[in-house]
2 protein chains.
Amino acid sequence: MTEMGRRERKKAATRQSLADAALRLFTERGYDEVGVREIADAADVSVTTLFKHFPDGKEALVFDQDVDREAALVAAVRERPAGQSVPEALHRMLLGEHSRRVHTDPRFDDFLRLVDTTPALREYARRMWLRHEHALAAAIADDAGLATDDPGCRALAHFALEAPVLVRGSRDPDTALDRVFDLLGNGWSGTRAG
Amino acid sequence: MTEMGRRERKKAATRQSLADAALRLFTERGYDEVGVREIADAADVSVTTLFKHFPDGKEALVFDQDVDREAALVAAVRERPAGQSVPEALHRMLLGEHSRRVHTDPRFDDFLRLVDTTPALREYARRMWLRHEHALAAAIADDAGLATDDPGCRALAHFALEAPVLVRGSRDPDTALDRVFDLLGNGWSGTRAG
DNA sequence: CTCAGAAAGTTTAGCTGTTACGCTTTTTTA
DNA sequence: TAAAAAAGCGTAACAGCTAAACTTTCTGAG
């Protein structure tokens, strides 16, 4: 299906080699203890080449596989079962994403630990994740029949995307996520009266 | 009241001189077009000294006056009138803060424009602002009789603090802020049925 | 087939933010 | 008044990142 000439294949190989070297060195010795020159050396390419492949800089080396999560977010809103609210739909989808990933890739643990323990990477991950805010807000607005730039929709999208970041590090992340989406769904007043 | 020896007075003067030079040069030519060496020169100080005064780096030069906003946030929750909800109290307090500042300092306009147009400064401002999350969450939890690290309280604190950042750039920021706090107070379901 | 050009890569050299180090001067204080 | 403390200085260096000019490798149209 994916027709790749020799050129693109080599390019992908180089990129992969860089990402692999970076992840290995970072997990071995820590993000701040590994320089970009050293990564380039380990992948046997020049520093300039490294930056041609990862123009967003050192942090981007860690997030090589940025798959189609935006589509999944929008779909969660659009194709939710009848009677399910938007916050509920997003809540379920985020829970699913999380548990699926953990039990799939073997070295995904190292990846998560690395990101969690490195402030620069946490920030970067958040920025990447929040890029989808616009698309998600648009989907919500469309669904609710409101203007595309409606502030309420933007807020819901933003808060829903921040939820996973916010609960990371909790003793019980799943329950914490429940609480956050309870707040978004029913409001502060709704969460107390029970 | 404030007993300052010659030493501390000179230190404060140097710091002020640096912040002034930085703000002037930044507004004149743009944040990215002014180097840190140039700022030190303009303030007639060595680069080393500049970083002794602002160890957090170039961005910190812009936010010299980081006054007691944390206390104000906590007070807004603790000393709110009877019958007023926590989101309402925070909403009012944030509205007040905003309008007061705009009509007070003359060069505050330049400051805001600079921050708004410079990604690095936006990020930095957000981080500074969100440092108060912990204190605010604790105040909310205490008020509601919940555990200090309750996820719902953390979420409310976090979202309330992000609200002003979120509505910046809207056509009508005050109304947008209303919508955001409506979401936090009544939830997504509550905002539609009305 | 072939050859011109696109694309990947290299070298070199440099800029910017930031820090370490060792030294001088000023202010405080014992 | 001597010594400790603190502010500042200059140099040098490191890390992330970029530009420029040049070489190699692949692709594709004639």
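Note: hydrogens, waters and symmetry copies are ignored here, and every other heavy atom, side chains too, is used.
The distance between atom CG of B/Leu25 and atom C1' of C/dT16, rounded to the nearest whole Å, is 16 Å. Separating the CG atom of B/Leu18 from the C1' atom of D/dC9 is a distance of 14 Å, rounded to the nearest angstrom. With rounding to whole Å, B/Glu33 atom CD is found 10 Å from C/dT16 atom P. Between A/Lys58 atom NZ and D/dT18 atom P there is a gap of 15 Å when expressed in whole angstrom units. The distance from atom CZ of A/Arg37 to atom P of C/dT11 is 14 Å, rounded to the nearest whole Å. Between A/Glu38 atom CD and D/dC14 atom C1' the separation is 14 Å, expressed in whole Å. Distance B/Glu59 CD to C/dG17 C1': 10 Å, rounded to the nearest Å. When the P atom of C/dT10 is taken as reference, atom CG of A/Leu50 falls 10 Å away, rounded to whole Å.
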Candidate pair B/Phe63 and B/Phe54, rule ring pair (Phe, Tyr, Trp, His ring centres under 6.0 Å), full reasoning:
CA-CA 10 Å; B/Phe63 301 90; B/Phe54 297 91; over 10 Å; no

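At a threshold of 4.5 Å between non-hydrogen side-chain atoms, the residues B/Asp142 and B/Thr148 do not count as touching. Side chains of A/Leu156 and A/Leu136 form no contact here, defined as non-hydrogen atoms less than 4.5 Å apart. Contact annotation: the side chain of A/Asp143 never approaches that of A/Arg78 to less than 4.5 Å [non-hydrogen atoms, C-beta and beyond].
Residue B/His53 places no side-chain N or O under 4.0 Å from the OP1 or OP2 atom of D/dA7. Taking only side-chain nitrogens and oxygens, A/Ser46 comes nearer than 4.0 Å to OP1 or OP2 of C/dT10. Using a 4.0 Å cut-off, some side-chain N or O of B/Thr49 falls inside it from OP1 or OP2 of D/dC9. For C/dA8, the OP1/OP2 oxygens have no side-chain nitrogen or oxygen of A/Thr14 closer than 4.0 Å.
Geometric assessment of B/Lys58 against the ring of B/Phe51 yields a negative cation-pi assignment under the 6.0 Å and 45° thresholds.
Here the nucleotide nearest the side chain of B/Arg6, chosen from C/dT27, D/dG16, C/dG9, is C/dT27. The side chain of A/Thr48 lies closest to C/dT11, out of C/dT11, D/dC17, C/dT19. Listed candidates were D/dC9, C/dT19, D/dC26. Nearest to the side chain of B/Phe51 is C/dT19.
As judged by a 4.0 angstrom heavy-atom cut-off over every strand, A/Val36 is placed among residues touching the sugar-phosphate backbone only. Nucleic acid contact class of B/Val47 (heavy atoms, under 4.0 Å, all strands): base. At a threshold of 4.0 angstrom between heavy atoms, the contacts of B/Arg7 include nucleobase atoms, whether or not backbone atoms are also involved. At a threshold of 4.0 angstrom between heavy atoms, the contacts of B/Lys52 include nucleobase atoms, whether or not backbone atoms are also involved.
Across the interface with DNA chain C, nearest-nucleotide mapping of A/Lys11 and B/Tyr31 shows A/Lys11 to be the residue nearer the 5′ end.
A/Arg154 has no carboxylate O lying under 4.0 Å from a charged side-chain N of A/Asp149, or vice versa, which leaves the two without a salt bridge.
By the 30° and 60° cut-offs, the orientation of the rings of B/Phe181 relative to B/His91 is parallel.
In this structure, A/Thr117 contributes its side chain and A/Arg113 its backbone to a donor-acceptor pair below 3.5 Å.
An end-to-end axis angle of 10° holds for the helix from C/dC1-D/dG30 to C/dA30-D/dT1, taken from five base pairs per end and rounded to 10°.
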